[in-house]
> 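For reference, the structure I am asking about is given below.
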Amino acid sequence: MNPHDEPQHPAPGGLLKNLNPEQYAAVTAPAEPALILAGAGSGKTRVLTTRIAWLLQTGQVSPGGIMAVTFTNKAAKEMLTRLTTMLPVNARGMWIGTFHGLCNRFLRAHWKLAGLPQGFQILDATDSVSAIKRVIKAMSLDEERYVPKQVSWFIAGAKEDGLRPPDIDVHDEQTRTLAAIYQAYEDQCAREGVVDFAELMLRSYEVMRDQPAVREHYQRRFRHVLVDEFQDTNKLQYAWLKMFAPPGQGQSVLAVGDDDQSIYAFRGARVGNMSDFEREYRVKNVIKLEQNYRSFGNILDAANELISRNSRRLGKELRTDAGPGEPVRVYEASSDFAEAQWLIEEAQALHRGGMDRKEIAVLYRSNAQSRVIESALFNAGIPYRVYGGLRFFERAEVKHALAYLRLLENPNDDTSFLRVVNFPARGIGARAIELLQDAARASGRSLYQSVSAVAGKAGSNLKAFNDLVDSTRNLTVGHTLREILEQMLEISGLNEFYRNDKDGAERLENLGELINAAEAFVTQEGFGKDAVALPVDELAPGAISEGLPHAVAPAQVATPDAETGEIMSPLAAFLTHASLEAGDNQAQAGQDAVQLMTVHSAKGLEFDAVFITGLEEGLFPHENSLSDGDGLEEERRLMYVAITRARQRLYLCFSQTRMLHGQTRYNVKSRFFDELPEAALKWLSPRNQGFGSGFAREYQDAWQRGSGLKSMVGAGRVERPSYAEPPVPASMKKKVAEEHGGLRVGKGVFHTKFGEGVLVTLEGSGADARAQVNFGRHGMKWLALSVAKLTPID
DNA sequence: TTGAGTGCATTTTTT
DNA sequence: ATGCACTCAA
């Protein structure tokens, strides 16, 4: 269909009902490039899904002609779920998924052209680092100078710039070596038949770039491409997109994003892609979604005022019909502990007032800040949930099990081999492994293939390991995924190991959970939404791949491969799934618990009440962000994201004193307070709250810290501890406030040039008296009191 | 092979 | 303060 003579489509009433004019315009935008600036809480997901539903319902496109890309599995899933409630669609024909998920799907179909083995497996970030570590060792390079993590960063960065090892600009020795490591790592990955995350993107980009037939096929196929969170795309992802839907090809590309919520520059996201998109695609349709359906007015006023301080914005202001609502409450605490204590009392009050605990979120800039809050919640016996810990498929025992499974699929996967060759221990030590690695390196073969080259006791132990893997494989041929897992867990000795381990109960549970996950994958997911190769006729010349019989009975057989007719086993599909989706991070996700997370991980979520904690110079905005150019603006966007998470109530708090890295820091309140509209704020008196003043508070403080988190078993499972009065620590008794002419350590001071600060240290006396003051954005200063005019404040 | 002891870094993170 | 990665002795 020619997009330029767009016919009038009958507007199906149900779908478009209740859309505001901007949303309506976005949903029914003509089939040409469009940029949607979607503010926080403006119904972005709704627009995306309604758009797809509308396109399908009006017959402008069939499922096979749609590609919708997101960043997270969660977003992709949500889109799919909402879509299916709007419209009975055959989801299989559509390409809805994450960038990486779609790349995987693409490479499974074109593995040969991509130069990959058919059953290639995917390395997660941790696997990739350990693979790089092996490369560095094999090259006998100094691990101090070439830190595996940093090298991994370098390689991922290069790939995201579309660079292969020969393309690296080797201007110095260091870069030359890095490029050499990159090359060796690539070779190793090829030998082992694995790809990392960045490779998924780059490899599929290259296939599209270098294979005209494939490129033309997909460009013809995808009439409508939709991209979520466009502000988070990196250089490679944008280039990838342009391969599927280049400017001027008549495809409709709908990019949805919010430049004000771009908070991932540090990992390569380029907000600039939005304006590049607008220019390169000659976008006529820029639609702003500014009507907010989430928050009350005061909250939005705060967000708008704050973000207006940023330059280089595409320009957008949120508005609401909901009225001003409650003021934004601000609390100044004396210590991080008092901050946590106050926050908990406030949260309890909200809960007593009928708010679910899971509707209350506590946000912080860095993970280290969660400890005090956790500790306080724990002691108060309030259930809570911390986001961002280890996720299911990242747990050690699960990774062990997956490594065994990978070896069943591909014994030449050295990463997996090394992970489990001596776990559980079977007498294969570092020496044996070194010998084996030497042999493998010498012959250019895998560790598995080199076992026979190792002599003696070590050799026979290694052989026994190989036999173990081989026999498991032989034993489980033709069995269900569940049976394969059960057999593997027994034969490998993992089950027995954790049965005998005194702390093994939870790990055993997780292994059981892994079996469940496999079962669920096979039945519910109808495995291989992502993993299964495309139907044979997918690439038939001139094929209009809409309406193909995609339906495959789930849990039956995998779809045969496009070229050879070979089948991707359920096991291989499950392993792929495990790499692409790390799973949830907490067992009791369903419980009504207060939600703790970093501001970054709060993006995309919303809560009735939000506490933004630790609003102090150096912490938020973070000190490390102030050095680089766009750093402060990104911090401000981060704050903007945090504010706009709140529906009804927003609390901001900061503390005069904070324990960080084992040292007490005296912080100045965040500059962001100066950037919020005073009329929307309500400052709460710090004096009437918490533990009162001085000694009593510090004493309580010290004791609470001492109790720590060590004794905790798990969130929300513990009752309030009954305790005797703790003894007064000696350090407390001796403590005397340092004072000088009305100045006190820990209290505020004013300096005519540097403004407000916090007194950190006082030294010397008389003419020699010096003071150390933290002036926040002006930094830490030493001042001679005989010269500097410091006046106490408060 | 395993345990205790030492050194070191410690913004944000999905796939 | 604390966790983790790595070293060295038993």
> Please measure how far the C1' atom in B:dT14 lies from the corresponding atom in C:dG3, and state the result in whole Å.
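Taking atom C1' in both B:dT14 and C:dG3, they lie 24 Å apart.
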> Taking only side-chain N and O atoms of A:Asn73, does any of them lie within less than 4.0 angstrom of OP1 or OP2 on B:dT15?
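Checking B:dT15 against A:Asn73, a side-chain N or O does come within under 4.0 Å of OP1 or OP2.
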> Give A:Ala125 one of three labels, base, sugar-phosphate or nothing, depending on what nucleic acid heavy atoms sit under 4.0 Å from its own.
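The residue A:Ala125 makes base contact.
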> Nearest-Å distance, CD (A:Glu633) to P (B:dT11)?
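Result: 22 Å.
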> Rounded to whole angstroms, how far apart are CD on A:Gln121 and C1' on B:dT15?
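Rounded to the whole Å, the gap is 15 Å.
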> State which of B:dT12, B:dT15, C:dG3 makes the closest approach to the side chain of A:Thr598.
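Output: B:dT12.
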> Should A:Tyr264 be counted as stacked on B:dT14, where stacking needs a ring-centre gap under 5.5 Å and an angle between planes under 30 degrees?
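Taking the rule of under 5.5 Å and under 30°, the ring of A:Tyr264 does not stack on B:dT14.
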> Look at all strands and tell whether A:Asp232 reaches a base, only sugar-phosphate, or nothing, counting heavy atoms closer than 4.0 Å.
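Counting heavy atoms under 4.0 Å across all strands, no contact is made by A:Asp232.
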> Hey, does the side chain of A:Glu206 reach the backbone of A:Arg203 with a donor-acceptor pair shorter than 3.5 angstrom?
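Not confirmed, A:Glu206 side chain does not pair with A:Arg203 backbone.
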> Heavy-atom nearest nucleotide on DNA chain B for A:Ser625 versus A:Phe99: which residue maps closer to 5'?
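On the 5' side of the pair lies A:Ser625.
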> Taking only the side-chain heavy atoms of A:Asn367 (C-beta and beyond), determine which of B:dT13, B:dT11, B:dT14 contains the nearest atom.
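Closest nucleotide among those given: B:dT13.
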> For the base of B:dT11 and the side-chain ring of A:His622, does the geometry meet a stacking cutoff of under 5.5 Å between centres and under 30° between planes?
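So yes, this residue stacks on that base, both cut-offs being met.
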> Would you kindly give the CZ-to-C1' distance between A:Arg365 and B:dT13, to the nearest whole Å?
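Whole-Å distance recorded here is 11 Å.
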> Compare the minimum distances between each of B:dT15, C:dG3, B:dT10 and the side chain of A:His661, then state the nucleotide with the smallest one.
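Among B:dT15, C:dG3, B:dT10, the one nearest the side chain of A:His661 is B:dT10.
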> Quick check on the 6.0 Å ring-centre criterion: do A:Phe99 and A:Trp240 meet it?
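Distance test on ring centres: under 6.0 Å, yes.
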> What's A:Asn422 touching, base or sugar-phosphate or nothing? Going by heavy atoms closer than 4.0 Å.
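Sugar-phosphate contact only - A:Asn422 comes under 4.0 Å of backbone atoms but never of a base.
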> Quick one: sort the A:Tyr264 and A:Phe266 rings into parallel, tilted or perpendicular, breaks at 30° and 60°.
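A:Tyr264 and A:Phe266: tilted rings.
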> May I ask you to check whether A:Ser152 and A:Tyr185 show a side-chain donor-acceptor distance below 3.5 Å?
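There is no such pair between these side chains.
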> Can you tell me which nucleotide in C:dC6, B:dT12, B:dT11 comes closest to the side chain of A:Lys133?
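Minimum distance to the A:Lys133 side chain belongs to C:dC6.
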> May I have the distance from A:Phe197 (atom CZ) to B:dT15 (atom P), rounded to whole angstrom?
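Answer to the nearest Å: 8 Å.
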> What's the CD-C1' distance between A:Glu623 and B:dA9, to the nearest Å?
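Taking atom C1' of B:dA9 as the reference, CD of A:Glu623 is at 14 Å.
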> From C:dA1, B:dT12, B:dT15, pick the nucleotide closest to the side chain of A:Leu580?
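Shortest atom-to-atom distance from the side chain points to B:dT15.
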> Could you check A:Glu394 against A:Ala430 and say which one's nearest nucleotide on DNA chain B is further toward the 5' end?
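Of the two residues, A:Ala430 wins.
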> For the side chain of A:Met659, counting heavy atoms from C-beta on, which of C:dA1, B:dT15, B:dT11 is nearest?
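The nucleotide sitting nearest to the side chain is C:dA1.
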> Write down the distance between CD (A:Gln663) and P (C:dA1), rounded to a whole number of angstrom.
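From A:Gln663 CD to C:dA1 P: 9 Å.
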> Calculate the interatomic distance between A:Glu617 atom CD and B:dT11 atom C1'; express it in whole Å.
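Value for this atom pair: 15 Å.
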> With respect to the side chain of A:Thr98, which nucleotide from B:dT15, B:dT11, B:dT13 is positioned closest?
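Of B:dT15, B:dT11, B:dT13, B:dT15 is nearest to the side chain of A:Thr98.
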> Quick one: A:Ile428 CD1 to B:dT1 C1', roughly how many Å, whole number?
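A:Ile428 atom CD1 is separated from B:dT1 atom C1' by 13 Å.
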> Check the angle between the aromatic planes of A:Phe106 and A:Trp95 and answer parallel, tilted or perpendicular using the 30° and 60° thresholds.
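Ring orientation of A:Phe106 relative to A:Trp95: perpendicular.
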> Are A:Phe497 and A:Phe423 near enough that their ring centres are under 6.0 Å apart?
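Yes: the rings meet the under 6.0 Å criterion.
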> How is A:Phe266 classified with respect to the nucleic acid when contacts are heavy atoms under 4.0 Å: base, sugar-phosphate, or nothing?
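Base contact.
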> Of the candidate nucleotides B:dT1, B:dT15, B:dT12, which contains the atom at the shortest distance from the side chain of A:Arg391?
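From the listed options, B:dT15 comes nearest.
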